[in-house]
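Order of the sequence lines sets the chain letters (A, B, ...), proteins ahead of strands, with each chain counted from 1.
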Amino acid sequence: SGGGSYSDKPANDKPVATKSVQIGKANIPVPRDQSVIIGQVEYTVFDSFNTMIPNGSPSGAGFEICREAMFYLSFATGELKPWLATAYKYNDAKTELTIDFDPKAKWSDGKPLTANDFKFTVMLLRDRADLFGGGGELKEFVKEIVVPNPQQAVIKLTKATPRFHYNFIAAIAGGFDILPEHVWKGQDPTKFKNNPPVRSGPYKLKQAIRNQKMFVWEKNPDYWNKDKLEVGPQYVVFQSTSKQADQAALAFERAEFDVGSIDEQHAKQLRNTGYPNLQTTQFHDPNPRVLWMNCDPARGVISEPKMRWAINYCLDREKIGKSIWPVEVPPAIYPWADYPTNEKWKNDALADKYKFEFNPAKATEILDEICPKNSAGKRMYKGKEVNLEIITPSPVDGGEYAIANVLKTDLAKVGVPATLRSLSGSVHGEKFERGEYDIDSSWAGFAMDPAQMYSDWESDKAQPIGKNAAGKNKMRFRNPEFDQLSKQLAAMDPTAPEAKPLLDKALEIYFQNLPLLSVIQTGYPSYFNTVFWTGWPTDDDLYEVPLNWWQHFIFVLGKIKPTGQKGPA
Amino acid sequence: MSEKPAGNAGERSPHVLEIKGLDVTYSTSRGDVKAVRGLDLAVRRGEILGIAGESGSGKSTLAVALLRLLKPPGQVTAGSVLFHPAGRSPVDLLKVDGEELRVLRWSALSYLPQGSMSSLNPVMRVEDQFKDVILEHAPARKASLGELIPRLLGQVGLEPRVARMFPHELSGGMKQRVLMAIAVALEPDLVIADEPTTALDVTIQRVILQSLADLRTDFGVTLMVISHDMGVHAQLVDRVAVMYEGRLVEVGDVRQVFKDPQDPYTQQLIESIPKMGRRAS
Amino acid sequence: MTAEAPPAEVVDKVPEPAPPSGVRAWMSRHPLAAYAVRRFGLYLVELWGALTIAFFFFRLMPGDPIQTLIQSLQQNYIYNQQASAEIIARYRAEFGLDGNIFSQYLVYMKKLILHGDLGPSLISYPTPAQDVILRSLPWTIGLLGISAVLAWILGVVFGAIAGWRRGKLGSRIMTNLSIALSHVPFFFVALILVYVFAYTLGWLPARSAYDSNINPGFSLDFIASLLKYGLLPGLSIVVIGTFSWILSTRMLMVPVLGEDYLVYAEAKGLKPWRILTRYALRNCYLPQITAFGISLGFIFNGNVLVEQLFNYPGLGTTLVTAIQQLDFNTIMGVTDIAIFSVLTAVLLLDLLLPLLDPRVKYWK
Amino acid sequence: MRILTAVLRTIRNSPKLAIGLAILLVMVLVAIFSPLIVKGIGGSTDPLELAAYERWLVPGPDHLLGTDQFGRDVLAMVVSALSVSLQIGAIAGLISTVVGVIVAFVAGYKGGWIDGVLSTFTGILLVIPTFPLLIALSAYAKNVSLFQVGVMISIFSWPFAAKTIRAQVLSLRSRPYVDLARVSKARDLEIIATELLPNLLPFIGVGFASSALGAIFGLVGLEVIGLGPGGVIDLGQIIFNAINTGALTLGAWPMFVVPIVLLTLLFAALNMVNIGLEEVYNPRLRGVAGE
Amino acid sequence: MKSELELRGVEQRFHARGVAAGHITAVDDVSFTLAAEPPQVVSLVGQSGSGKSTIARNVLGLQKPTAGSVLYGGKDIFKLSRSEYDEYRRDVQPVFQDPYAIFNPFYRVDRVLWKAVKKFGLTTSRSKGLQLIEESLRAVRLEPENVLGRYPHQLSGGQRQRIMLARVHMLRPSFIIADEPVSMLDAQVRKHFLDILLDFQREHGMTTLFITHDLSTVYYLGGEVMVITKGKIVERGPVSTVMHEPSHPYTKLLLDSIPQPDPDNRWTNRITVDELEDQEADAKAAAPAPETPII
Ligand SMILES: Nc1ncnc2c1ncn2[C@@H]1O[C@H](COP(=O)(O)OP(=O)(O)OP(=O)(O)O)[C@@H](O)[C@H]1O
Ligand SMILES: Nc1ncnc2c1ncn2[C@@H]1O[C@H](COP(=O)(O)OP(=O)(O)OP(=O)(O)O)[C@@H](O)[C@H]1O
Ligand SMILES: [Mg+2]
Ligand SMILES: [Mg+2]
């Protein structure tokens, strides 16, 4: 059909000539050849780096390269890198966690970073549930913290847990942010802006320019950990990209950005027209896209596991991965990302036994059994017409909306009508938390191990429809056997060999019941421009998570090298 | 038609205006309406000529055609209108155009519209409406404007303060007199007045008619007064032209027309005038 | 007529009415002042009404901004915890969302009127919404205000000409062009302009408000940079704005052309330009002034998108950001400011109009 | 029959009106038959289904306007979007015109305190900037139906109609022909319907057209920042997709140009009808009609 | 049994800001009676703004007086029962002042006539109706084919006014309230029209309240006359008495202002009307502002 796609190679199949890059003048206040420019989202806050109040430190503005984690877990390599902390250790009863800190560590203002700062931060958050990041697990588990010496903190826990250290590992974006006690002490944590921020990372804030929607970070000359990390660029500029994809893509093409600021379609076009400086690196989001299925009997047919299987058979994962998601991504079977670190949770035999396939015929078969059509051709369940309510927080035509839309179309073909609603923010949140939906097309929550995730699905956390689930068991899944397994796993190191059979059992119950349907692995490719900098992570050499809004990005900045290209006058 | 010169000595033609075979047609969706047909008329210099005729007989059409203000769908389909401005060469009013026509206007040929609310620009002071026409055609008089305007206003019986007023602050009669003053500001050869008193009260009508007569005396202008009111003609004009269905049926001295109408239509017209038994006072 | 009426009868003269007293007397002695007072009273009523409607409109909408906030933060992976009841309570109070809606209303209005305080913004917490708005207002006034005024002037002048020279080829082209283009969305023109001047020719920048190498200040460089960066967005507003003003001016102009005073002016032999400006235009541009006052409010409407497209740091961008994050205080603040400025503009125009047009009687 | 000839005559008198109506008619026909057209385009597949075809196909014999980022046929999208846009315009235009006309007539004809209250209320609604409210509304209720969007938009657009029409009613109600109708035993409603309404048709037409345009444009505006109603494709959404996906630099011009041209045509057509009506019904303009 | 129209102490005030009193009194304590038997012509003369049209509107029930009452058959016309109201409407019909605005520009002129036919049930058949209309048109010297099917703006003022006369001719009410019906007509048509009115009086027994500022018309009509100025009736009586021996100075001034259609009898003296001008200007100032509403 037709003449192919807009982004295709020229039709005559000759190898495309390499294009020369026309370098544009980036709108930045620092020398171009010493700067990495990163295209990012729209920023609104430029003067607050207090992450405990709303919108302090907008995500993606580069604060991640200013602060550091205690441990870095790289999902790209599976490596756990001690950083501010050098080691953690539980006592045998798992009621005490001891963390050692690097004696070299110091803040950007020269003061040493010690276990006291850590204690200060943990205690602040433990006691102030009205702060973001406050309360929660810290409140639940921390009894007290003892600092025997400045390089060691001993956390006394209120109850045994093998997972409390998860809180201090930077695995995905976000993570625990140790505050310098000498800066924060005596400040009102709900008002203090901490501008410019004092942290320990390799970069310091040079300038935040509101009218240019730009943050300029400058290399910290006194960085404490130069032995392990020597970052290349003198400056890193985070800037909001244009809302117009045209303009954004053009800016990338002209090397006005080194990272981001382009979408897959334009990238494809650049590739196919011989643009020499585009480096695309695939990396999957920690959350596969999923469909949450409401298991509460009050919702009718959706509470039947068979119904959920019928829906599963109507889900064309191949098509969604190939034609709906902006980049081609593999289907997801397990409700976690396909990271190497997650390999150990899989069980292919089970996956084979409960095979996910697109099979409308099978779906019809099941449907005819549980909700046969009446004389008017409508499917009836317990005397009521079947009609599914699908909601999604994604905007219309956003990825998750489109996924739901595909499902909706295919469901219609097997006689299951559905309404699809894109709801924003709190409206979605409320409906979702209160269980007022049949299917919710969004993403799975992140967990370091399946047991952590399963603990949220326990029956006692299932609220009746209409009552806020407070983030737990939003699908109202109830299974006593599963609860049993989850409770056992909670007290166990998930990597221990005795945990594996329990995990498999739980996984089988998950497969049988499908309280959520994983759809696809979420591909967010990173786009790098090699005009000014080389050495970016690639698919072949994925030495680090390539996402610039993760804290791991400092390691990328430690790897890249200038090409020597000078910016335009 | 009598050809006795009535204008000032020394003018080349005794006539200010010679209309020959004028045809004006309105084309409507229901066919053409001939509003003026084959009209021949000469206006003598210095006279007051009345145009009488029943409603719809084409009086206004004649006026706008002469003034070249005819707008589509009206159209002059035949004829010529020879105009003899004092001190200038005669022109065919139907042929001039653009700048030539513009220059001719007011300084030679001016117009006294019906004294309706709407002929004065509502957002300009009276004096400005004098000024713009005077400065347009006689910029030399700029210096004397200060006394010229009050004098003109005085001529029509208005106080100088009227100059500072806006049209909506004036009564109908005052407006009409302002229009009269503007009409003669440049001492034109010919003033065409279309129903100058129709919209006014009798009392004011009388004052306006008096002032119109004064205009001729004071400025020596030639006046063409259109009215359907035979009383107006009787009181004001020297000669009357009677129109009927677009045609001129009779032209003559006002006394002759009233006392001894020739045309049967004119006879009918005169007869139908309501007569009062006597004059009050 | 009754038979018993005498043949002629002179009716007695009526006694003079008693001189009026009190407020009414004062009003009739100072009609302009009385009008101003009345008009100002109406202004206050309208201001109050509009602000109230806007308030209830936003407050009665479904959904909970605090929940929204927390959700959006969670989506950004910043917090892996659920919002605690403490957080919710705390921000509910801070954003004036506690208590019943009428007490919320009273608190809101009190703060607004007494302190000009719109409450904290959410997009830029804890900066008060009024500061967030005031920060972006100058850009909007600078870019959109100037373009809107320019469009108005051009539109009225060309519209008048188009009406005046009805039927002439040039004016027909102009009219038809306006008919076709007056409603083309701004952003379409914006995109075309960007495509041509920024992408293809590369003459002008397509985003941001000035060169970040130059420090904002009162320097020649900075102003030059402002102009350079403002040209494309400004132009896109001017182009379309002009067309729609042309169209409406022409619509006003055409009936005026049928007025007797225009025929009279023509008979006076005035120069066409003078008739156009002093007679025709002067009688039809006044509604356009009022319309302009009202249209100011629409700067907040359509032109929002232009700022969006050009990443201009103005009110429109702020508004859209605020809306995307459901920052009520800021959205309401922008709405309030729009209401306030439009009403004030219209009030001033109304007070000025009698001076501009003698026909407008201020006591009407 | 007499009405028909009157309409025909009116159209004959104004080429603008005729052209405008013709364009509108074509569009309305396309809209009415859009399901059939869409079906015709797709054959056995639904051309509007996600991933119906490959993504981003260039225009060609199979896809006259190519396909979009989800592999939908752009021509089919445009056709059904036109129908949606027209619907929203018609709904909002109708509602706001009807409400506006009723308010205007009540206020203008009754006068007194009723007029005072209604006019003040109208004036208040008039100055509330609608765009933020609309955006806020749609941010919350993104999946409202087309009709609801129409209602939403008309909430804020009827005051415009009401205001202009009220001014006209005020000037018309004291016309002698109204008095004549009254002494001819016509009731208030009859006078409004037969004496005032026809003379207000151009104004009502203008009111309708501008509300309709306002609604269509408002929706496009919402779409352009990604806040349109769900479940339907309107022209604005196609434009939004084009902007959002950078179709211009991809070379996918139909996604961009076609809806804009259609919108422009629609606006132009409505405008021409307005101006045409104005010319035909305003006797003053008839007298000096020079075009 | 034919009824009487009676005005009893009618007063009409209009709000007017900008005048000292806050209002103007357009009609001030006016009383008179129009009897249907015997049919008569009563003229009301006065200058512009003296309140003539306002009285007409009061009588026609278009404007409720602020004080006093208009009685039809002894009953207040604003308090009539349904059937009485119908009768009143049928019996009291106007001919208005302004022939331009009396037609709805939207419709052909025929409509006014057809409406009368239909609303008052003159006939039910279309052909009869047309016949009636044509007859009435001819009676006012209009060729039906020249006016029927035309739009108002295609007719001259005189033609339009005559159509209104045809309407009254068709309806034949007991009372005609004619508000300056002839001011736009030329002498011939005017005379004819006045003759028709007199015919109506004689043949159809119609009583006319004839409002005019033109005394020659009044003279021609004969009957009774009332002179009004500033809303007050200052003089009333049989035409011949008032015309020959005017007692009020205003009446005298009016009489003196009529242009006599006799070139040999031109005015010799001059009159000045400054005081009138002032009056009129005052009235103007008090009138509502022209339609330039403040938005
Ligand atoms: N715009 C027009 N379109 C069509 N016919 C017209 C137009 N204007 C005037 N007429 C016709 O031309 C004829 C002459 O009209 P005109 O206005 O010149 O008469 P008039 O003598 O001034 O009458 P009146 O005393 O009523 O003003 C009439 O039959 C009228 O119907
Ligand atoms: N609706 C109204 N509101 C306010 N004032 C009015 C109104 N109608 C009439 N008037 C005033 O009442 C006075 C009498 O007006 P009216 O129309 O009755 O006079 P008229 O004698 O008919 O004058 P004309 O001969 O000009 O028709 C005038 O001063 C007029 O301005
Ligand atoms: Mg005439
Ligand atoms: Mg009157």
Backbone N or O of A/Ser441 within a donor-acceptor pair of the A/Thr392 side chain at under 3.5 Å? yes
What part of D/Asp46 is in contact with chain A, defined as an atom under 4.5 angstrom from a non-hydrogen atom: side chain, backbone, both or neither? neither
salt_bridge(D/Glu49, A/Lys408) N-O dist < 4.0 Å: no
Check: A/Gln40 main-chain N/O paired with A/Thr241 side-chain donor or acceptor under 3.5 Å: yes
NZ/NE/NH1/NH2 to OD/OE distance under 4.0 Å, A/Glu436 and A/Arg299: no
Any Lys/Arg nitrogen of D/Glu54 or A/Lys322 sitting under 4.0 Å from an Asp/Glu carboxylate oxygen of the other? no
If we ignore angles and hydrogens, is there a donor and acceptor under 3.5 Å between the side chains of A/Gln239 and A/Tyr43? no
Part of residues 247-266 of chain D lying next to chain A, heavy-atom separation under 4.5 Å: D/Ala247, D/Leu248, D/Thr249, D/Leu250, D/Gly251, D/Ala252, D/Pro254
Select one option (side chain, backbone, both, neither) describing which atoms of A/Gln269 are under 4.5 Å from chain D's heavy atoms. side chain
A/Thr280 side chain to A/Arg271 side chain, donor-acceptor N/O pair below 3.5 angstrom: yes
Residue-level interface, residues 247-262 of chain A with chain D, non-hydrogen cut-off under 4.5 Å: A/Leu250
Evaluate whether atom CD of A/Glu318 has more than 12 neighbouring non-hydrogen atoms of other residues, nucleotides or ligands under 6.0 angstrom away. no
For D/Trp56, does its backbone N or O pair with a side-chain atom of D/Thr67 as donor and acceptor, under 3.5 Å? yes
Are the ring centres of A/Phe432 and A/Trp292 closer than 6.0 Å? yes
